[in-house]
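Written out below as structure tokens is the structure these notes cover.
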Amino acid sequence: MTDPVSLNVTDIDIDAIAGAGGRVAVIVTPDGRMDQGARRANRLTRGALARMIEGGVIAKMKPGEVTSLAWPAGMKAEALDVLCLARNAKADDLRRAGVTLGKIKGEAGLLVLAGSVRQPADLMLGLLLRAYEFNTHKTEEAKPNGAVTCMVSKPEAIDVQAVQAIAEGVFFTRDLVSEPANHLTTSEFAARIEAMKKLGLKVTVLEEPELKKLGMGALLSVGHGSASPSKVAIMQWQGGDKGTAPLALVGKGVVFDTGGISLKPAAGMEEMTMDMGGAGVVAGVMRTLALRKARANVVGIVGLVENMPSDRATRPGDVVTSMKGDTIEVINTDAEGRLVLADILWYAQEKFAPSAMIDLATLTGAVIIGLGHENAGVFSNDDALCNKFLKAAGAEGEGAWRLPLGEAYDKKLKSRIADMQNVGGRPAGSITAAQFLQRFVKEGTPWIHLDIAGVALIKEDSPYAPKGATGWGVMALNRLITDQFEG
Ligand code: BES
Ligand code: MN
Ligand code: ZN
């Protein structure tokens, strides 16, 4: 996988500033006060920073912004990056500054003098998250990723492991989402999950014969047309009290979505390599939890299938039977994600009786029409849990917006010949999809559905990621677990 930049956190040594190669970053407050590191850089450069401040450059900068001086005289560095940050800078500003540093960070490494920052962890996280590139399939040798040294006043007070764990979880998700479908087959996905056993996760992979035995006719009907076998992978992290019901995270893992017999148009179909994004986030969160040894019980369950047209593929009009026992008329084979989720949501409840259940899926194009690429669609049967999630997402800068559920939407799923059909028409397409899922959520299970079709992969840079896979949701869920599920 793509490893985050290696990060050293050390005590302040301002004598290192003069001779550091690569880039050096120092901090000036919005009202033009230099901290210790900045003062030294100012002296070395014979007052370059003081002139910046007097010239009004800092006054024009927003908190978290960076102004760079190239080849500063008196220093060995190739650039001096001046960060505008208040002493009590908010997490947002710190992350933004980190993101900017991550973006401009070169091959020669970076030294950050963060002695005056109270919460340098956020600065570091922003830096790590932005310094990402998916170059697995470029034959040109990758540029070396210069190491980062962050000098802070209390190195021992920073949980570097937790920062690294988040970045690693997010990168794991991004790599999975970016990976093309001929490489990330259902088997390869399962193998990457199984490799996380060495982090202390308990991993089980259910193969087709077992899925048949369990009665997962809905999930199996999606993978039927593909040469790749359908699988369900289960990741368990038991860091909490024995006997405490786990939180269940459930993910749609369609490694490629052609639409099946209801074939998608050619234009843009290549994007459907990301249709396993929900499963990718679940795997990423589980990785983070294991790496930081979270004190919570969490189970991640992903349905890994490929939606292909073939002589064996499910036809429009076919009726399939879900694990729950309800029958489903498949009107459109391109509404496949809900078929996968129906069975693994039910399985999650039958097998683990979770205290709460959150599913993630690149479920509908309609959510992109409604919310664009700024917010995931959030649906829930539990206001308290939902508000906690929205708060966690807000704190992590991951856009999330709640949409309604209701009887009237549910009625759209009525089928003439089966218990339900898998589509509810064009209006409110994301809501009728969520209603479909809710039919597989037991009364009394607090549940959130996150439709991440618009946020999993973005064609422009997003706050913490260069264009491409974002890893949206790993941080929000990690925080929700930290705040609500760890004792
Ligand atoms: N995987 C797609 C949804 C999607 C669209 C994800 C664009 C990311 C970007 C999903 O399986 C799908 O095809 N949904 C259909 C549902 C329709 C047939 C009811 C859709 O949104 O068009
Ligand atoms: Mn589809
Ligand atoms: Zn899909």
Side-chain angles (χ1 to χ4, degrees), residues 176-178 181 184 186 189 218-219 221-226 228 230 250-281 302-309 313-318 328-344 359-377 379 403 409-410 412-413 415 420-437 449-459 468-470 472-473:
L176 288 167
V177 168
S178 301
L184 192 75
T186 54
F189 201 151
L219 180 144
S221 77
V222 177
H224 225 235
S226 170
S228 293
S230 299
V250 175
K252 167 180 173 180
V254 177
V255 294
F256 196 80
D257 181 13
T258 64
I261 298 297
S262 313
L263 195 63
K264 285 182 182 296
M269 202 203 278
E270 72 284 354
E271 252 187 54
M272 287 302 126
T273 56
M274 54 75 99
D275 209 21
M276 35 51 67
V281 174
V302 295
L304 308 176
V305 301
E306 185 178 41
N307 190 17
M308 292 290 250
T314 297
R315 294 158 288 256
D318 283 1
I328 304 162
E329 184 186 7
V330 181
I331 300 289
N332 188 322
T333 63
D334 198 11
E336 85 296 343
R338 60 198 78 183
L339 298 173
V340 174
L341 287 172
D343 278 342
I344 53 177
D359 78 70
L360 296 105
T362 49
L363 202 63
T364 67
V367 83
I368 309 176
I369 304 300
L371 299 173
H373 300 285
E374 317 304 324
N375 286 289
F379 302 83
L403 296 168
Y409 298 112
D410 189 72
K412 305 286 181 200
L413 298 169
S415 159
M420 71 192 86
Q421 58 182 38
N422 74 331
V423 295
R426 265 171 69 82
S430 304
I431 305 178
T432 53
Q435 279 314 147
F436 184 95
L437 300 182
H449 157 55
L450 301 170
D451 192 336
I452 62 169
V455 295
L457 184 95
I458 304 187
K459 292 206 171 103
T470 60
W472 183 100

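Both counts, for ligands and for their atoms, begin at 1 and track the order of listing.
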Using a 4.0 Å cut-off to any heavy atom of [X], which atoms of ligand 1 qualify?
X    : result
I368 : 7 (C), 9 (C)
V423 : 19 (C)
T362 : 1 (N), 2 (C), 3 (C), 6 (C)
T364 : 3 (C), 21 (O)
M274 : 8 (C)
E336 : 11 (O)

Using the rule given for side-chain contact (heavy atoms from CB on, under 4.5 Å), can you reason through L457 versus T362, listing the C-alpha separation, both sets of side-chain angles and the distance that settles it, and then say yes or no? CA-CA 10 Å; L457 184 95; T362 49; over 6 Å; no

When you measure from [atom] to every protein heavy atom, which one gives the shortest distance, and what is it?
atom                    : answer
atom 1 (N) of ligand 1  : D275 OD1, 2.8 Å
atom 14 (N) of ligand 1 : L363 O, 3.5 Å
atom 18 (C) of ligand 1 : N332 ND2, 3.5 Å
atom 21 (O) of ligand 1 : G365 N, 2.7 Å

Count up the protein N, O or S atoms sitting under 2.8 Å from the Zn ion (ligand 3), would you? 4

Are any side-chain N or O atoms of [X] and backbone N or O atoms of [Y], one a donor and one an acceptor, separated by less than 3.5 Å?
X    : Y    : result
H373 : V455 : no
D275 : V254 : no
S221 : A218 : yes
Q421 : V423 : yes

Of all the heavy atoms in K264, does at least one lie under 4.0 Å from an atom in ligand 1?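 In this structure, K264 qualifies as a contact of ligand 1 - some heavy atom is under 4.0 Å.
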
Do you know which of T314, N307, T333 makes side chain to side chain donor-acceptor pair (under 3.5 Å) with S262?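 In the set T314, N307, T333, the residue that makes a side chain to side chain donor-acceptor pair (under 3.5 Å) with S262 is T333.
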
Does some side-chain heavy atom of P309 sit less than 4.5 Å from a side-chain heavy atom of T258? yes

Geometry only, no angles: is D257 polar-contacting ligand 1 at N/O separations under 3.5 Å?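 N/O-N/O distance under 3.5 Å: yes.
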
Partners of D257 by salt bridge (Lys or Arg N to Asp or Glu O under 4.0 Å), sequence neighbours excluded? K264

Please identify each residue that fulfils salt bridge (Lys or Arg N to Asp or Glu O under 4.0 Å) with E374, with sequence neighbours left out.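 So E374 forms no salt bridge (Lys or Arg N to Asp or Glu O under 4.0 Å) with any residue.
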
With heavy atoms under 4.0 Å as the rule, classify the contact between D334 and ligand 1 as side chain, backbone, both or neither.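 It is both parts that get close, each with some atom under 4.0 Å.
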
Just going by heavy-atom distances, which of R338, E271, K252, M272 is nearest to atom 7 (C) of ligand 1?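 The nearest heavy atom belongs to M272.
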
So, applying side-chain contact (heavy atoms from CB on, under 4.5 Å) with M274, which one of V255, L176, V177 is it?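 Single side-chain contact (heavy atoms from CB on, under 4.5 Å) partner of M274 among V255, L176, V177: V177.
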
What's the count of protein N, O or S atoms under 2.8 Å from the Mn ion (ligand 2)?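 Those protein atoms number 4 in total.
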
